[in-house]
Asks: 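Take this structure, written in structure tokens, and hold onto it; I'll ask about it next.
To find a chain, count down the sequence lines: A is the first, B the second, and so on, and within it residues start at 1. A quick note: this is a predicted structure, and the numbers were derived from the prediction, not measured.
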There are 4 protein chains.
Amino acid sequence: MMADKQTINRLLKTARGQLDGILKMVEENRYCIDISQQLMATEAILNRANREILAAHLKHCVQCAASEEDRASKINEFVAALDRILK
Amino acid sequence: MMADKQTINRLLKTARGQLDGILKMVEENRYCIDISQQLMATEAILNRANREILAAHLKHCVQCAASEEDRASKINEFVAALDRILK
Amino acid sequence: MMADKQTINRLLKTARGQLDGILKMVEENRYCIDISQQLMATEAILNRANREILAAHLKHCVQCAASEEDRASKINEFVAALDRILK
Amino acid sequence: MMADKQTINRLLKTARGQLDGILKMVEENRYCIDISQQLMATEAILNRANREILAAHLKHCVQCAASEEDRASKINEFVAALDRILK
């Protein structure tokens, strides 16, 4: 992975902490809308981590591909990821 | 929360397990695109949990509101959640 | 439809105007990224119209359902819409 | 634009036709949920057009950039687009 490891780790650990909090909220029978809001906040953090990872991938792996063939294959791979994102 | 607790627990624990797996992938410097794909799979699970929670909320809390005022206030609350979802 | 007709009309006509602009941009072979940005702006307008329509639906059709059965059926319908939104 | 012009034109014209249909549905006071569903179908078409445009951009403009500087600048531009998509 080419993204800054510390940034990604921090985001993922924040998301995991929130997820633990949500499991507790479910256990305590907290109000639906409050749980839903926390879930969306956690998804937003994962989304941000994904954005960082894909941006770093473009800037490093695609920019610095060793050959034209390698770059073409990395771009095809990225297009497939984009298809999943924009589905 | 009105959604089935077992279903939500199972979804959230699966997401947490995947998140632990992603943290390990980051540690092991795995390939960006593979990490991104796992992140999106985890977001999809949280999204499904959110859907279940909001659906159950509509079916129980809104359907069975104690009074018209209570229902109006729950609907306003739901509309605010919808705004965050469709932003 | 229970949403304010003027608001929805204005949003949809703005989106249509932008779509005509995008068709012209395609005709003129404009830059990919500029066309993509305009497309996303148009989607955001349609999204806002959708949000207005669903909010008004909840506030009128669900709030003021004629009977419990009618309300239950409208809520089921809304849950199906939510499934498409959060898929 | 590097995407296939005919494909993009066809998608955009389909979306425009659907938008005209939705304006008519609004005029005729059709049911909220039916209008919402049509709006989401139209957004899905615009989304597909956007996907085609961005994929072609990566395959042509980024793959065949004239220089390393040109490629770096195109990648930065694409990362900014990705930020808007994943916001």
Side-chain angles (χ1 to χ4, degrees), chain C residues 1-9 11-62 74 77-78 80-82 84-85 87, chain D residues 1-9 11-62 74 77-78 80-82 84-85 87:
Chain C
M1 190 193 67
M2 301 307 293
D4 180 62
K5 208 184 251 193
Q6 263 191 314
T7 305
I8 301 301
N9 254 320
L11 288 168
L12 297 180
K13 282 180 177 163
T14 305
R16 197 179 51 180
Q18 291 195 343
L19 212 43
D20 285 332
I22 297 168
L23 275 156
K24 203 157 162 286
M25 287 173 91
V26 170
E27 206 45 59
E28 293 168 349
N29 253 317
R30 295 275 291 278
Y31 188 50
C32 322
I33 294 289
D34 296 338
I35 298 178
S36 162
Q37 195 158 349
Q38 278 306 101
L39 268 173
M40 280 190 270
T42 308
E43 285 181 63
I45 292 173
L46 297 184
N47 216 18
R48 204 183 130 207
N50 194 24
R51 215 161 62 200
E52 298 280 340
I53 287 169
L54 291 173
H57 180 66
L58 281 171
K59 286 187 184 171
H60 297 275
C61 307
V62 175
K74 284 199 160 49
E77 211 177 50
F78 194 90
L82 199 63
R84 287 189 295 271
I85 292 169
K87 77 161 174 310
Chain D
M1 190 192 67
M2 301 307 294
D4 180 61
K5 207 186 251 194
Q6 263 192 316
T7 307
I8 301 299
N9 255 320
L11 289 168
L12 295 180
K13 282 179 178 164
T14 306
R16 194 176 56 180
Q18 291 195 342
L19 211 44
D20 285 332
I22 297 170
L23 276 156
K24 200 156 166 285
M25 289 172 89
V26 169
E27 206 44 59
E28 292 167 351
N29 253 318
R30 295 276 290 279
Y31 189 49
C32 321
I33 294 290
D34 295 339
I35 299 179
S36 163
Q37 195 157 350
Q38 278 306 101
L39 268 173
M40 280 191 272
T42 309
E43 286 182 60
I45 291 173
L46 297 184
N47 215 17
R48 207 186 128 205
N50 194 24
R51 218 159 61 200
E52 298 279 340
I53 288 169
L54 290 174
H57 179 65
L58 281 170
K59 286 187 185 169
H60 297 275
C61 307
V62 176
K74 284 201 161 49
E77 212 176 49
F78 195 90
L82 199 64
R84 288 189 296 272
I85 292 170
K87 74 163 177 307

Asks: Which heavy atom of E43(C) sits nearest a heavy atom of N47(D), and at what distance?
Replies: OE1-OD1, 3.4 Å

Asks: Tell me, for M40(D) versus chain C, whether the close heavy atoms (under 4.5 Å) come from the side chain, the backbone, both or neither.
Replies: side chain

Asks: So which part of E27(D) gets closer than 4.5 Å to some heavy atom of chain C, the side chain, the backbone, both or neither?
Replies: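 When you check distances to chain C, atoms from both the backbone and side chain of E27(D) fall under 4.5 Å.
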
Asks: Give a yes or no on this: more than 12 heavy atoms of other residues, nucleotides or ligands lie within 6.0 Å of atom CD of Q6(D).
Replies: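 Counting neighbours around CD of Q6(D), 12 or fewer heavy atoms of other residues, nucleotides or ligands fall under 6.0 Å, so no.
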
Asks: Can you tell me which residue among D34(D), I33(D), I35(D) is in a side-chain contact (heavy atoms from CB on, under 4.5 Å) with M1(C)?
Replies: I35(D)

Asks: Side chain, backbone, both or neither: which part of R30(D) has an atom under 4.5 Å from a heavy atom of chain C?
Replies: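 When you check distances to chain C, only backbone atoms of R30(D) fall under 4.5 Å.
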
Asks: Let me know if L23(D) has heavy atoms under 4.5 Å from chain C in its side chain, its backbone, both or neither.
Replies: both

Asks: Side chain from CB out, backbone as N, CA, C, O: work out which of these in L46(D) comes under 4.5 Å of a heavy atom of chain C, or both, or neither.
Replies: both

Asks: If you take all heavy atoms of R16(D) and D20(C), which pair is closest and at what distance?
Replies: NH1-OD1, 2.6 Å

Asks: With the side chain counted from C-beta on, respond yes when L12(D) and L39(C) share a heavy-atom pair under 4.5 Å apart, and no when they do not.
Replies: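 SC-SC contact between L12(D) and L39(C) confirmed.
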
Asks: Identify which part of L54(C) has an atom lying under 4.5 Å from any heavy atom of chain D, answering side chain, backbone, both or neither.
Replies: side chain

Asks: Please give me the minimum heavy-atom distance between N50(D) and S36(C), naming the atom from each residue.
Replies: OD1-OG, 2.8 Å

